[in-house]
Engineer: 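Structure incoming, see below.
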Amino acid sequence: MTRRPHSPEALFFAKKPQSVFWPCVAVILSAAGLVAATELAIAAFSPAGFQGLHERNPWSMAISVGVITAVAGLLWTATNRLGVALALVAAGLLFTSSLHIRKLQLIGRPLLPWDFLEWRQVTSLAPTLLPGAGTFLAILAGLLVLAALVAGVRAVRRGRPRFPLPGLARAGLAVASLVYLLAITFYAHVPLLPKAFMRFGVMHQVWDQRSNFQVNGLPLMLLWNWEGLRLESGGAYSADGVRTALGRDAEPPAATPPEPVDVIIYMAESLWDPTQLGVPLSTDPLPFLRGLMTTHSSGHLISPTFGGGTANAEFELLTGMSASFAPDGSFPYQHYVMKPVEALPSLFRDAGYHTAAIHPFHAWYWSRDVVYPLLGFEEFQSLTDFADAKLEGPWVSDEALVDHILAQLSDERRSRFIMAITMSTHGPYSLPLTGKEEVRVVGKLSPDNTLLLTNYAHKLRQTDRALERLVRALEARPRKTLLVVFGDHLPMLGPNYSLYRETGFLKEPWTDAQRERMAEVPVLLWSNFTLPKQDVHLSMGQLAPRILEAAGMKPHGFFAFLEGLSRAVPVVRGDLLKSAAGEYLPLTERDAESPAPGSSAEWLRRYRLLTYDRLVGERFSVAPAAHGEHVAGGK
């Protein structure tokens, strides 16, 4: 075999390096097409429909095109394969947009970065969710992402790049793409960018993620929220600042009363009064609870969530802190509770109580198996402890939960603090009827909403009956016992609030009064000993001092601060602030600079600072250990 000579002609006709200008233009045009396709697909399958597209800010859309272009550019420089880079970007967008669509269909909320941290929760609930277009797209998109990754690896290993990047251009494109992504993600910290964005109406609406998506679109909203897990102190953070906000030095808990009171916190899943819908029912689904509320302290708590997110309701009630100071859509249980936190369980534990949590579901759900010991629970009974329990639909019945509560109380060697969380009233409420439903819908509703309300009311009737059995048993106890019953949030009755809308319970536009109405859940403080009857209308985080007082334990430190807060601003929610005088306050009160002493804004500034200190700070507001390290919140 003869070797081909290196002739001048061969060198003269050698292929010249290709320009990267036109491939870069193709990337930008492809990014624009992918953003447009993503937004159209979301509009086609989501409850808002195509009419929501007119709310998009065109400048935000242009920035999103730049984001997708930068991501494709980074992948292009990493693989040196333009086709592979675009295929990976397209598959990733399809995957995230389909998950976003499904979440909108189920609970009306946009996809957020921290949702990807909760994959176990999604898969555990998947069998109970009815299939829909979003589910199909999510599965298809996941398979496409996998296929794109496999194809990309094969292409990089075997193929020759069609549009190779010269070394200098490759480095330049990588740097430019990375700088763009960092500048957009952290734009609030880049000189001149915030003013420029504000001029064109581009802003990260972290306080309202639904509006954030509607205005900015999915890619930009997701990118901005990666920074959103950072908790803000709301001002200069120091030991002196925390002491001033607390209004006193951190003090040890009051001594245990001579006759300790057993305390049971009974959080009923989606507990709410459906008669407020104005739809006639064949019988009252909550006759026993309704009767107790007329003779004992009762009213409403303002839930931090709707239709889901039980962990934030738990967090507020147990710790006294407000989830509204965390980014909208985040969950302190997963994102911030990484060390011991002073909370109701730790206070009662340090007073000599045995503290136990009982919840007939997976222990790892909402990271409870990790978080509960940090809050002061010594024992946690979860789904594995309910192996042979009676079921109500797909969930463990409330009757079985009551059995476990009474078994805990049978050991009277120590006082008891118990947090019990029910499951039987959990959705879905669209399962076929069995013919055994005790409550029927008498009023006229659409077939779908009739099914939802019938199932929900039937579940409530079972909950009410189990609650009656628990109260009857507690009435017969010689030991003083306090029972706190409340719902974690309103039930999700149909996509896009369909049942609430059909009955007129929810009317557009959303006002502060409407937001409050959609957050009110019933609460009851019952006891087998005499307590003064009080009306309750508070955010969940402000109930803790009343529980301590009813148990004969004087609120101290932060919990004494909460007493004062409830007399000034009793409703603190992410989208709602209300003064004790019944006046709805602008949300800007939460971020006011140099507020007047004693004003609502000053109370909120102190509340934010104390929440920061106790959750992620140095815990200057927590008393020094009076009983070893337990008082500080852990071992």
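Quantities reported herein were computed from a predicted structural model and do not represent experimental measurements.
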Engineer: Between atom CZ of Phe315 and atom OG1 of Thr305, what is the distance when rounded to the nearest 0.5 Å?
Structural biologist: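 Between atom CZ of Phe315 and atom OG1 of Thr305 there are 13.5 Å.
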
Engineer: Is there side-chain contact between Pro332 and Thr319, with heavy atoms separated by less than 4.5 Å?
Structural biologist: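 With C-beta onward as the side chain, the pair stays apart.
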
Engineer: How close do Phe559 and Pro545 get, counting heavy atoms only, and between which atoms?
Structural biologist: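 Scanning both residues completely, I find the closest heavy atoms to be O-CG, 3.3 Å.
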
Engineer: Are any of the side-chain heavy atoms of Leu577 and Val572 separated by less than 4.5 Å?
Structural biologist: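 Contact flag for Leu577/Val572 side chains = yes.
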
Engineer: Spell out, as yes or no, whether a donor-acceptor pair under 3.5 Å connects the side chain of Ser539 to the backbone of Gly541.
Structural biologist: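 A pair under 3.5 Å: no.
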
Engineer: Counting only heavy atoms from other residues, nucleotides and ligands, does the tally under 6.0 Å from CG of Asp411 exceed 12?
Structural biologist: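 Yes, the 6.0 Å shell around CG holds more than 12 heavy atoms from other groups.
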
Engineer: Taking the side chain as everything from C-beta on, heavy atoms only, tell me whether Val569 gets closer than 4.5 Å to Ser579.
Structural biologist: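 Not touching, per the 4.5 Å side-chain cut-off.
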
Engineer: Between Arg573 and Asp512, does at least one N-O distance fall below 4.0 Å, as a salt bridge requires?
Structural biologist: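 Looking at Asp512 together with Arg573, the answer is no, because their closest N to O distance does not fall below 4.0 Å.
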
Engineer: Take Val485 and Trp526, measure what side chain to side chain contact (heavy atoms under 4.5 Å, CB included) needs, and give me the verdict at the end.
Structural biologist: CA-CA 8 Å; Val485 181; Trp526 176 93; over 6 Å; no

Engineer: For Lys507, does the NZ atom have more than 12 heavy-atom neighbours from other residues, nucleotides or ligands under 6.0 Å away?
Structural biologist: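 Not more than 12 within 6.0 Å, no.
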
Engineer: Should Asp575 and Trp510 count as side-chain neighbours, where that means a heavy-atom distance under 4.5 Å?
Structural biologist: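 No; the side chains remain at least 4.5 Å from each other.
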
Engineer: Can the positive tip of Arg56 be found less than 6.0 Å from the middle of the six-membered ring of Phe213, inside 45° of the ring normal?
Structural biologist: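 Flagged: Arg56 positioned over aromatic ring of Phe213.
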
Engineer: Say whether, by atom type as modelled, one donor and one acceptor occur between the side chain of Thr481 and the main chain of Arg479 under 3.5 angstrom.
Structural biologist: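 Checking the backbone N and O of Arg479 against the side chain of Thr481, a donor-acceptor pair under 3.5 Å is found.
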
Engineer: Take His359 and Tyr365 through the ring pair (Phe, Tyr, Trp, His ring centres under 6.0 Å) test and state the conclusion after the steps.
Structural biologist: CA-CA 10 Å; His359 181 43; Tyr365 203 77; 7.7 Å; no

Engineer: Minimum heavy-atom separation for Leu53 and Glu39, please, with both atom names.
Structural biologist: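 Closest pair (atom of Leu53, atom of Glu39, distance): CD2-O, 3.8 Å.
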
Engineer: Give every donor-acceptor pair under 3.5 Å between a side-chain atom in residues 381-391 and any protein atom, sequence neighbours left out.
Structural biologist:
| residue | atom | partner | partner atom | Å |
| --- | --- | --- | --- | --- |
| Gln381 | OE1 | His404 | ND1 | 2.7 |
| Gln381 | NE2 | Glu379 | OE2 | 3.0 |
| Asp385 | OD2 | Ser382 | N | 2.9 |

Engineer: Within the 3.5 Å criterion, strictly below it, is a donor on Ser424 or Gln462 matched to an acceptor on the partner's side chain?
Structural biologist: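 There is no such pair (donor and acceptor under 3.5 Å, judged by atom type) between the side chains of Ser424 and Gln462.
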
Engineer: side-chain contact (heavy atoms from CB on, under 4.5 Å) with Thr454: which residues, sequence neighbours excluded?
Structural biologist: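 Partners of Thr454 under the side-chain contact (heavy atoms from CB on, under 4.5 Å) test: Leu433, Glu437, Val441, Thr450.
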
Engineer: How about Phe380 and Tyr372: are their ring centroids closer than 6.0 Å?
Structural biologist: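 Distance test on ring centres: under 6.0 Å, yes.
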
Engineer: Atom CG of Leu344 and atom CE of Met419: how far apart are they, to the nearest 0.5 Å?
Structural biologist: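 Rounded to the nearest 0.5 Å, the CG-CE separation comes out at 9.0 Å.
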
Engineer: Looking at Asp273 and Arg290, does any basic side-chain N land under 4.0 Å from a carboxylate oxygen?
Structural biologist: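 Arg290 and Asp273: salt-bridged.
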
Engineer: With no hydrogens and no angle check, just 3.5 Å: does a side-chain donor-acceptor pair link Ser566 and Arg546?
Structural biologist: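 No, because no side-chain N or O of Ser566 sits under 3.5 Å from a partner of the opposite role on Arg546.
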
Engineer: Can you name the closest pair of heavy atoms from Ala513 and Tyr584 and give their distance?
Structural biologist: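 In this case the closest contact between Ala513 and Tyr584 is CA-OH, 3.4 Å.
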
Engineer: Just to verify, which of Ile265, Val536, Leu543, Leu525 counts as forming a side-chain contact (heavy atoms from CB on, under 4.5 Å) with Phe486?
Structural biologist: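 For Phe486, the side-chain contact (heavy atoms from CB on, under 4.5 Å) test succeeds with only one of Ile265, Val536, Leu543, Leu525, which is Ile265.
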
Engineer: Could you give me the CA-CA distance, side-chain angles and deciding distance for Ile264 and Leu409, then say whether side chain to side chain contact (heavy atoms under 4.5 Å, CB included) is met?
Structural biologist: CA-CA 10 Å; Ile264 304 164; Leu409 296 174; 3.6 Å; yes

Engineer: With a 4.0 Å cut-off on N to O distance, would you call Arg567 and Glu563 a salt bridge?
Structural biologist: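 Salt bridge absent between Arg567 and Glu563.
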
Engineer: Can you give me the closest heavy-atom contact between Ser600 and Glu589, atom names plus distance?
Structural biologist: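 In this case the closest contact between Ser600 and Glu589 is CB-OE1, 3.6 Å.
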
Engineer: Could you give the distance from CG (Leu460) to CD (Glu438), rounded to the nearest 0.5 Å?
Structural biologist: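 Between Leu460 CG and Glu438 CD, I get 11.5 Å after rounding to 0.5 Å.
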
Engineer: State, yes or no, whether a side-chain contact exists between Glu520 and Leu490 at a heavy-atom distance under 4.5 Å.
Structural biologist: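 No. Closest side-chain heavy atoms not under 4.5 Å.
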
Engineer: Any sub-3.5 Å donor-acceptor pair from Trp364's side-chain atoms to Val370's backbone N or O?
Structural biologist: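 No, the answer is negative, given that no donor and acceptor are paired below the 3.5 Å cut-off.
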
Engineer: Among residues two or more places apart or on two chains, list those pairs meeting ring pair (Phe, Tyr, Trp, His ring centres under 6.0 Å) that have a residue in residues 264-290.
Structural biologist: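 Qualifying pairs: Trp272-Tyr500, Trp272-Phe505.
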
Engineer: For a quick check under 3.5 Å, do Asn449 and Ser498 share a side-chain donor-acceptor pair by atom type?
Structural biologist: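 Yes, a side-chain donor-acceptor pair sits under 3.5 Å.
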
Engineer: For Leu281 and Val442, work out which heavy atoms get closest and say how close.
Structural biologist: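 Heavy-atom minimum between the residues: C-CG2, 3.7 Å.
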
Engineer: So, for Arg469 and Leu406, which heavy atoms are closest and what is the spacing to 0.1 Å?
Structural biologist: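 Smallest interatomic distance, heavy atoms only, reads NH1-CD1, 4.1 Å.
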
Engineer: Let's go through Leu548 and Phe348 carefully: what are the C-alpha distance in whole Å and the side-chain angles of both, what is the deciding distance for side chain to side chain contact (heavy atoms under 4.5 Å, CB included) to 0.1 Å, and is it a yes or a no?
Structural biologist: CA-CA 9 Å; Leu548 290 168; Phe348 280 96; 3.8 Å; yes

Engineer: Go through Ser322 and Ser324 one step at a time and tell me if the side chain to side chain donor-acceptor pair (under 3.5 Å) criterion holds.
Structural biologist: CA-CA 5 Å; Ser322 175; Ser324 68; 2.6 Å; yes

Engineer: Counting only heavy atoms from other residues, nucleotides and ligands, does the tally under 6.0 Å from CZ of Arg440 exceed 12?
Structural biologist: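 No, CZ of Arg440 has 12 or fewer neighbouring heavy atoms, counting only those of other groups under 6.0 Å.
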
Engineer: Would you mind reporting whether Pro304 and Met540 have side-chain heavy atoms less than 4.5 Å apart?
Structural biologist: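 A side-chain contact under 4.5 Å exists here.
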
Engineer: Any carboxylate oxygen within less than 4.0 angstrom of a Lys/Arg side-chain nitrogen, looking at Glu508 and Arg501?
Structural biologist: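 Result for this pair is yes, salt bridge flagged.
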
Engineer: How many angstroms lie between CG in Leu470 and CD in Glu475, if you round to the nearest 0.5 Å?
Structural biologist: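 That separation rounds to 10.0 Å.
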
Engineer: Take Leu40 and Phe50, measure what side chain to side chain contact (heavy atoms under 4.5 Å, CB included) needs, and give me the verdict at the end.
Structural biologist: CA-CA 7 Å; Leu40 288 172; Phe50 288 100; 4.2 Å; yes

Engineer: Indicate yes or no: at least one non-hydrogen side-chain atom of His458 is less than 4.5 angstrom from one of Glu392.
Structural biologist: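 SC-SC contact between His458 and Glu392 confirmed.
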
Engineer: Output yes when Lys459 and Glu269 qualify as a salt bridge under the 4.0 Å nitrogen-oxygen rule, no when they do not.
Structural biologist: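 Between Glu269 and Lys459 there is no salt bridge, as every charged N stays at least 4.0 Å from the carboxylate O atoms.
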
Engineer: Does the Asn528 side chain pair with the main chain of Lys480, one donor and one acceptor, at a distance under 3.5 Å?
Structural biologist: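 Side chain of Asn528 to backbone of Lys480: no pair is present.
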
Engineer: Measuring only between side-chain heavy atoms, which start at C-beta, is Leu467 closer than 4.5 Å to Leu483?
Structural biologist: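 Yes, at least one pair of side-chain atoms sits under 4.5 Å.
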
Engineer: Under 6.0 Å between the ring centres of His426 and Phe361?
Structural biologist: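 Here the rings of Phe361 and His426 have centres that are no less than 6.0 Å from each other.
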
Engineer: Quick one: does any side-chain atom of Asp464 pair with a main-chain N or O of Leu289 as donor and acceptor, under 3.5 Å?
Structural biologist: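 Side chain of Asp464 to backbone of Leu289, a donor-acceptor pair under 3.5 Å: yes, one is there.
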
Engineer: Could you state the interatomic distance from CG (Asp403) to OG (Ser397), rounded to the nearest 0.5 Å?
Structural biologist: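 One gets 7.5 Å once the value is rounded to the nearest 0.5 Å.
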
Engineer: Return the CG to CG distance between Leu301 and Leu524, rounded to the nearest 0.5 Å.
Structural biologist: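 Leu301 CG to Leu524 CG: 10.5 Å, rounded to 0.5 Å.
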
